[in-house]
Amino acid sequence: MKIAVVSDIHSNLVALDAVHEAVNRLGADSIYFVGDAVGYGPDPNPCTRWVMDNAEVFVAGNHDAAAVGLTDPESFNSYAREAILWNAQQLKPETSDFLSSLPLVEERDGITLVHASPRLPDAWEYIFTLWDAEVNFSYFEGPICFVGHSHQPVMVSMDVNGAVSVVPGDSLIIEDGFRYLINVGSVGQPRDGNPAACFGLLDRDAGAFSIQRVEYDVPATQEKMLKAGLPQPLADRLSEGR
């Protein structure tokens with residue numbers, strides 16, 4: 001069984017369409033969504049609709065929560081706040097209802113999904129350091145936890161002796177007795193210096209996980225953002241993957 005793990009779409013339908021094609025090409029049997037369908041970009045309704053129609057398991061992100069009044073957008077930086085308020089104004093009733101219903105944490109067959117951190121799911125804290133990761137291993141029980149939020153893909157393992165380390169490269173073989181905390185990056189606004197859309201692929205039969213990158217038409221999204229009146233810096237950053 002292959003599971004595509006998708007996070008941080010951020011209303012970028014052009015990137016999402018490219019990821020959808022890749023997910024189908026890779027033969028994924030299921031899609032898990034790790035939060036933030038909306039925010040930053042110009043297409044909140046169709047991006048949320050895609051999650052509703054395609055994801056088997058899903059959790060809320062901080063932008064999803066802010067768009068429906070469950071998190072205060074005043075905690076966002078000025079550009080993010082302007083974009084989420086614009087996104088909120090565009091939401092159709094069914095979109096708003098779905099985003100309002102999203103859980104903070106989900107577990108399925110030994111896999112935990114949470115947007116920011118299993119330690120404090122509703123605080124929207126970031127896992128940036130190895131110490132952050134080590135602390136968070138104590139807050140989920142299964143062998144794998146998928147997160148998003150930072151828009152930076154990274155794989156962290158804990159071995160049978162409790163030693164925590166970053167797994168180099170963009171793939172890993174799942175080892176017996178090991179546990180994994182994995183950030184699957186961002187579909188709609190990567191921040192690791194690579195503008196290509198990013199998602200994860202878990203192959204449960206092969207016991208393997210990999211980070212996948214997909215090129216998409218960045219200028220098309222930028223044009224749509226500027227036409228909608230969204231902040232120029234949010235459009236510019238897509239070209240740089242930051």
Side-chain angles (χ1 to χ4, degrees), residues 1-9 12 15-36 54-59 106-118 126-134 136-137 140 142-216 241-242:
M1 180 180 181
K2 293 181 180 179
I3 302 170
V5 189
V6 173
S7 187
D8 294 280
I9 298 167
N12 188 339
L16 182 58
D17 285 342
V19 165
H20 184 76
E21 291 181 9
V23 166
N24 289 336
R25 185 171 63 251
L26 291 165
D29 304 289
S30 185
I31 296 171
Y32 289 5
F33 174 64
V34 199
D36 276 354
N54 292 280
E56 180 181 336
V57 187
F58 29 71
V59 295
E106 273 293 348
E107 296 184 11
R108 181 70 60 91
D109 299 327
I111 297 173
T112 300
L113 300 182
V114 59
H115 181 66
S117 77
Y126 289 92
I127 300 174
F128 277 140
T129 69
L130 198 58
W131 183 87
D132 294 334
E134 184 172 2
N136 273 276
F137 271 100
F140 67 94
I144 301 174
C145 178
F146 288 118
V147 300
H149 197 39
S150 74
H151 300 204
Q152 298 176 15
V154 65
M155 303 174 293
V156 180
S157 70
M158 175 179 279
D159 68 18
V160 294
N161 297 313
V164 175
S165 60
V166 174
V167 180
D170 57 10
S171 64
L172 62 81
I173 299 298
I174 297 169
E175 299 186 60
D176 290 341
F178 279 53
R179 301 175 70 222
Y180 300 91
L181 179 61
I182 299 173
N183 190 311
V184 298
S186 171
V187 169
Q189 196 196 80
R191 294 180 185 168
D192 62 338
N194 182 348
C198 187
F199 69 100
L201 185 71
L202 175 64
D203 188 332
R204 303 207 77 165
D205 294 331
F209 173 83
S210 59
I211 296 293
Q212 302 288 324
R213 304 305 292 240
V214 184
E215 301 289 339
Y216 75 97
R242 64 169 180 84

Quiz item: What's the shortest heavy-atom distance between V184 and G200, and which atoms?
Solution: CB-N, 4.0 Å

Quiz item: So, does H151 use its side chain to make a donor-acceptor pair with the main chain of R191 at under 3.5 Å?
Solution: no

Quiz item: For the residue pair A4 and V23, what are the closest heavy atoms and their distance?
Solution: CB-CG2, 3.8 Å

Quiz item: Does any non-hydrogen side-chain atom of V187 lie less than 4.5 Å from one of F33?
Solution: no

Quiz item: Got a sec, which residues hit side chain to side chain donor-acceptor pair (under 3.5 Å) with D159, two or more places apart in sequence or on another chain?
Solution: none

Self-check item: Any residue meeting ring-ring contact (aromatic ring centres under 6.0 Å, His included) with H115, in chain and number order, not counting sequence neighbours
Solution: H149

Quiz prompt | Summary of side chain to side chain donor-acceptor pair (under 3.5 Å) pairs that have at least one residue in residues 20-33, sequence neighbours excluded | solution = H20-N24, H20-W50, S30-E56

Quiz prompt | Residues that Q212 engages under side chain to side chain contact (heavy atoms under 4.5 Å, CB included), provided they are two or more places apart | solution = L26, F199, L201, S210

Quiz item: Can you find a pair of side-chain heavy atoms, one from R204 and one from I3, that are under 4.5 Å apart?
Solution: yes

Quiz prompt | With sequence neighbours excluded, residues passing side chain to side chain contact (heavy atoms under 4.5 Å, CB included) with N183 | solution = V147, S150, V154

Quiz item: Closest approach of A197 and A15, non-hydrogen atoms and distance?
Solution: CB-CB, 4.3 Å

Quiz item: What are the two closest non-hydrogen atoms of A22 and V214, and how far apart are they?
Solution: CB-CG2, 3.7 Å

Quiz item: Can you name the nearest heavy-atom pair linking D8 to G185, along with the distance?
Solution: OD2-O, 4.0 Å

Quiz prompt | V156 and F137, any side-chain heavy atoms less than 4.5 Å apart | solution = yes

Quiz item: Are the side chains of V166 and L130 in touch, meaning some heavy atoms are under 4.5 Å apart?
Solution: yes

Quiz prompt | Nearest-0.5 Å distance that lies between atom CD1 in I182 and atom CG in L172 | solution = 5.0 Å

Quiz item: Among all residues two or more places apart in sequence or in another chain, which pass the salt bridge (Lys or Arg N to Asp or Glu O under 4.0 Å) test with D192?
Solution: R213

Quiz item: Taking all atoms of both residues into account, what is the closest heavy-atom pair of G148 and V34, and its distance?
Solution: N-CG1, 3.9 Å

Quiz item: Quick one: does N12's side chain have a donor or acceptor within less than 3.5 Å of a partner on G188's backbone?
Solution: yes

Practice problem: Apply salt bridge (Lys or Arg N to Asp or Glu O under 4.0 Å) to E107 and list each qualifying residue two or more places apart in sequence or on a separate chain. | Solution: none

Quiz item: How long is the gap from CG on L181 to CD on E134, to the nearest 0.5 Å?
Solution: 11.5 Å

Practice problem: List for me each residue that meets ring-ring contact (aromatic ring centres under 6.0 Å, His included) alongside Y180, sequence neighbours excluded, and say none if there are none. | Solution: none

Quiz item: Hey, what do you get for OG (S165) to CE (M155), rounding to the nearest 0.5 Å?
Solution: 10.5 Å

Practice problem: Report the residues that fulfil ring-ring contact (aromatic ring centres under 6.0 Å, His included) with F178, sequence neighbours left out, ordered by chain and then residue number. | Solution: none

Quiz prompt | Where at least one partner belongs to residues 166-179, residue pairs that pass side chain to side chain donor-acceptor pair (under 3.5 Å), sequence neighbours excluded | solution = none

Practice problem: State the OH-CG distance between Y126 and D132, to the nearest 0.5 angstrom. | Solution: 12.5 Å

Quiz item: With side chains defined as the heavy atoms from C-beta onward, is the minimum distance between I127 and P118 less than 4.5 Å?
Solution: yes

Self-check item: Any L202 side-chain heavy atom under 4.5 Å of I111 side chain
Solution: yes

Self-check item: For D203, all residues meeting side chain to side chain contact (heavy atoms under 4.5 Å, CB included), sequence neighbours excluded
Solution: K2, D205, A206

